[in-house]
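Structure first, then comments.
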Amino acid sequence: MLWDAETAASYDTPGEGVFSSEVLDPTVDRLAALAGGGAAVEFAVGTGRVALPLAARGVPVVGIEMSRPMIERLHAKDPEFRVEVGDMAGTRVPGEFALVYLVYNTISNLLTQAEQVECFRNAARHLTPGGRFVIELWVPELRALPPGRGATVGIVEPGYILLDTYDVLNQHVVSHHFRFDDGRQATLGRSPHRYIWPAELDLMAQLAGFELESRHADWVGTPFTADSPSHVSTYRLQ
């Protein structure tokens, strides 16, 4: 299993990377505003990176998560946090909610188009009329893929290199995470994804009864352009 105990143990990086205040604060600010005083569900809640600070803002939050090691780490931080064990494409949390959200490219962990469409439909089942579904997702980097090449280099920094290999026929990408120190050896972790173009994402939303309300390049509202590497898209249930 990809999200096993080893992955869960290394996932949290307090104060750094996606756990830094520069990343988390705008994310939580925006989600709290979109909840509008209502309750929220986080699909693939993980170790609670976003859900716990959002709950601390006064937003009632519950999570769906299929990885028990991730849930164990979440409950080590907050034993009372409510999590339903299951798949975000089909697991239903009892109750009515104003907001469902998926952060940090997580919808791409569903490896078929059919599963991704079901994820939208599952979000719709949780929402009251007018409720919102928010997705944070990267834009496929196919413009950086020269003819005849099957990979792009996403990140190069001290101690870490990200290499993505693409299967453009099936819209699959495998991210290869190389981590190393000053020695001769490196560790490699891999994660498979199905990438989604923004227009395809919008069609999935329409099939589930949503309409696009807004799309920005980040959580603070930067305009989305053809050069944006990712987007935050907000859909409203009709």
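In this chain, numbering begins with 1 at the start of the sequence shown.
Using modelled atom types, no side-chain atom of T152 and backbone atom of G154 make a donor-acceptor pair closer than 3.5 Å. Side-chain atoms of R132 never come within 3.5 Å of backbone atoms of A35 as a donor-acceptor pair (strictly under, hydrogens ignored). Between the S67 side chain and the M70 main chain, a donor and an acceptor come within less than 3.5 Å of each other. With hydrogens and angles ignored, the 3.5 Å screen pairs no side-chain donor or acceptor of E118 with any backbone N or O of A114.
Residues satisfying the side chain to side chain contact (heavy atoms under 4.5 Å, CB included) criterion with A39, sequence neighbours excluded, are P60, F97.
Ion pairing between a basic and an acidic side chain is recognised when a charged N comes within 4.0 Å of a carboxylate O; D227 and R143 show such pairing.
Checked against a 6.0 Å centroid threshold, the rings of F133 and F120 count as neighbours. In this structure, the ring of H231 has its center less than 6.0 angstrom from the ring center of F224.
Residues R92 and I64 are not in side-chain contact: their nearest non-hydrogen atoms beyond the backbone lie 4.5 Å or more apart. V83 is not listed as a side-chain neighbour of V62, based on a closest heavy-atom distance of 4.5 Å or more.
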Would you be so kind as to tabulate the donor-acceptor pairs closer than 3.5 Å made by side chains of residues 160-167, with sequence neighbours excluded?
residue, atom, partner, partner atom, Å
Y160, OH, H177, ND1, 2.7
D164, OD1, S175, OG, 2.7
T165, OG1, V174, O, 3.4
T165, OG1, H176, NE2, 2.9
Y166, OH, E141, N, 3.3
D167, OD1, L169, N, 3.2
D167, OD1, N170, N, 3.3
D167, OD2, N170, ND2, 2.9

Could you list the donor-acceptor pairs under 3.5 angstrom formed between side-chain atoms of residues 201-208 and any protein atom two or more places apart in sequence or on another chain?
residue, atom, partner, partner atom, Å
D202, OD1, R215, NH2, 2.6
D202, OD1, Y235, OH, 2.6
D202, OD2, R215, NH1, 3.2

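Here the OG1-CG distance, from T128 to L99, works out to 10.0 Å after rounding to the nearest 0.5 Å. Within the model, atoms OG1 of T234 and CD of E136 stand 11.0 Å from one another, a figure rounded to the nearest 0.5 Å.
No single ILVMFWY cluster, assembled from side-chain heavy atoms under 4.5 Å apart, contains both V134 and F210. By the criterion of side-chain heavy atoms lying less than 4.5 angstrom apart, applied directly or through intervening Ile, Leu, Val, Met, Phe, Trp or Tyr residues, F43 is not grouped with F81; the two fall into different hydrophobic clusters.
For the side chain to side chain contact (heavy atoms under 4.5 Å, CB included) with S108, the lone residue among R194, H193, H172 that qualifies is H193.
Q171 and E200 share a side-chain donor-acceptor pair at under 3.5 Å. Of the N and O atoms on the side chains of D87 and T91, not one donor lies less than 3.5 Å from an acceptor on the other residue.
Within a 6.0 Å radius of CD in E96, no more than 12 heavy atoms belonging to other residues, nucleotides or ligands are found.
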Going through the checks in order, is the side chain to side chain contact (heavy atoms under 4.5 Å, CB included) test met by Y104 and V50? CA-CA 10 Å; Y104 202 47; V50 174; over 6 Å; no
